[in-house]
Amino acid sequence: MTNRMSSVRIIGDPVLRKKSVPLVFPDNVQYINTLVKAMQNTLEVAEGLGLAAPQVGESVRLFIAVPNYLEELNGHVVFINPEIQPYGEMEKREEGCLSIPGIYEVLSRHSQVKVKARDILGNKFTLDVSGLAARLVLHEVDHLDGILFVDRLSPIKRKLLRGKIKRLKEDRSVY
Ligand code: NI
């Protein structure tokens, strides 16, 4: 397993700001398997709920969720080339991110989302989720587009966090 896919990239790392590219089946199958194994290890160690490929330095459209935690995900843990349709009311919920350690903020997002994606075998599936599962999907898909949750905070909140984020950017060796 490659080390380069095992450490979590911290805010300030340019890879977190890139738009990720879609994966191709069956060409990328071996790469996907290696990447998913590395990411699952990383997520377990970091004790997060989800992890997107750019967070381990890979600019591809894939994210994983922690297994057996969110029932609404219906057993799905690997989401490849996800397409989403957020809908429903806006809902406030606290968010954090392994790439922005120590910062947790309440953020408003759509409460429901329809997801189309492929699993690790390339099989298509669809889900319609709400609550924490919807939040996870929206947060992780943002990562694939180079967006971090702090970008979505109000200008006032962002201003209050500026010092903390600056320190994280200066010292990215948190893990
Ligand atoms: Ni995150």
Side-chain angles (χ1 to χ4, degrees), residues 4-23 32 35-70 72-73 76-84 86 90-113 115 117 120 127 129-154 157-158 160-162 164-175:
R4 71 183 171 104
M5 293 178 183
S6 298
S7 57
V8 177
R9 305 301 182 94
I10 303 301
I11 188 167
D13 191 316
V15 74
L16 294 173
R17 294 311 192 172
K18 279 170 73 178
K19 192 167 167 68
S20 298
V21 298
L23 285 158
I32 289 167
L35 176 60
V36 166
K37 265 185 210 150
M39 285 174 66
Q40 282 178 326
N41 270 337
T42 304
L43 184 60
E44 207 180 307
V45 172
E47 297 182 338
L49 290 185
L51 188 67
Q55 293 183 276
V56 295
E58 301 296 302
S59 218
V60 294
R61 302 191 79 78
L62 181 153
F63 72 84
I64 61 167
V66 70
N68 310 319
Y69 180 69
L70 295 165
E72 284 203 37
L73 296 182
H76 288 289
V77 284
V78 180
F79 294 73
I80 298 170
N81 302 340
E83 284 172 42
I84 56 164
M90 299 305 280
E91 184 181 68
K92 285 192 168 129
R93 200 175 266 275
E94 192 178 67
E95 270 184 57
C97 179
L98 294 176
S99 294
I100 316 173
I103 294 182
Y104 300 89
E105 291 291 334
V106 173
L107 181 58
S108 187
R109 292 192 196 254
H110 284 283
S111 57
Q112 287 165 283
V113 60
V115 196
I120 196 165
L127 283 177
V129 295
S130 61
L132 189 54
R135 185 55 63 119
L136 176 121
V137 168
L138 293 171
H139 178 113
E140 300 307 335
V141 171
D142 265 358
H143 273 301
L144 307 185
D145 293 323
I147 299 165
L148 299 173
F149 85 92
V150 288
D151 303 346
R152 296 195 180 277
L153 296 172
S154 68
K157 275 195 184 171
R158 279 211 306 274
L160 289 170
L161 289 173
R162 205 185 281 159
K164 269 190 185 174
I165 289 175
K166 189 165 173 266
R167 280 194 293 281
L168 284 174
K169 286 181 176 175
E170 283 161 1
D171 179 20
R172 291 196 242 123
S173 55
V174 190
Y175 292 103

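Both counts, for ligands and for their atoms, begin at 1 and track the order of listing. Counting from 1, the numbers follow the sequence of the chain as shown. Note that the structure is predicted; figures quoted are calculated from it, not measured.
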Below 3.5 Å, can you tabulate the donor-acceptor pairs from side chains in residues 42-50 to any protein atom, sequence neighbours excluded?
{"unit_1": "Thr42", "atom_1": "OG1", "unit_2": "Ser6", "atom_2": "O", "d": "3.0"}
{"unit_1": "Thr42", "atom_1": "OG1", "unit_2": "Ala38", "atom_2": "O", "d": "2.8"}

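Classification of Arg17 and Asp151 as a salt-bridged pair holds, one side-chain N sitting under 4.0 Å from a carboxylate O. The pair Asp142-Arg109 counts as a salt bridge, with a side-chain nitrogen and a carboxylate oxygen less than 4.0 angstrom apart. Salt-bridge check for Arg152 with Glu95: failed, with every basic side-chain N at 4.0 Å or more from each acidic carboxylate O.
For the Ni ion (ligand 1), protein N, O or S atoms closer than 2.8 Å were enumerated as Cys97 SG, His139 NE2, His143 NE2, with waters left out.
Glu91 CD to Leu132 CG: the interatomic distance, rounded to the nearest 0.5 Å, is 9.5 Å.
Enclosure of atom NZ in Lys157 by more than 12 non-hydrogen atoms of other residues, nucleotides or ligands within 6.0 angstrom is indicated.
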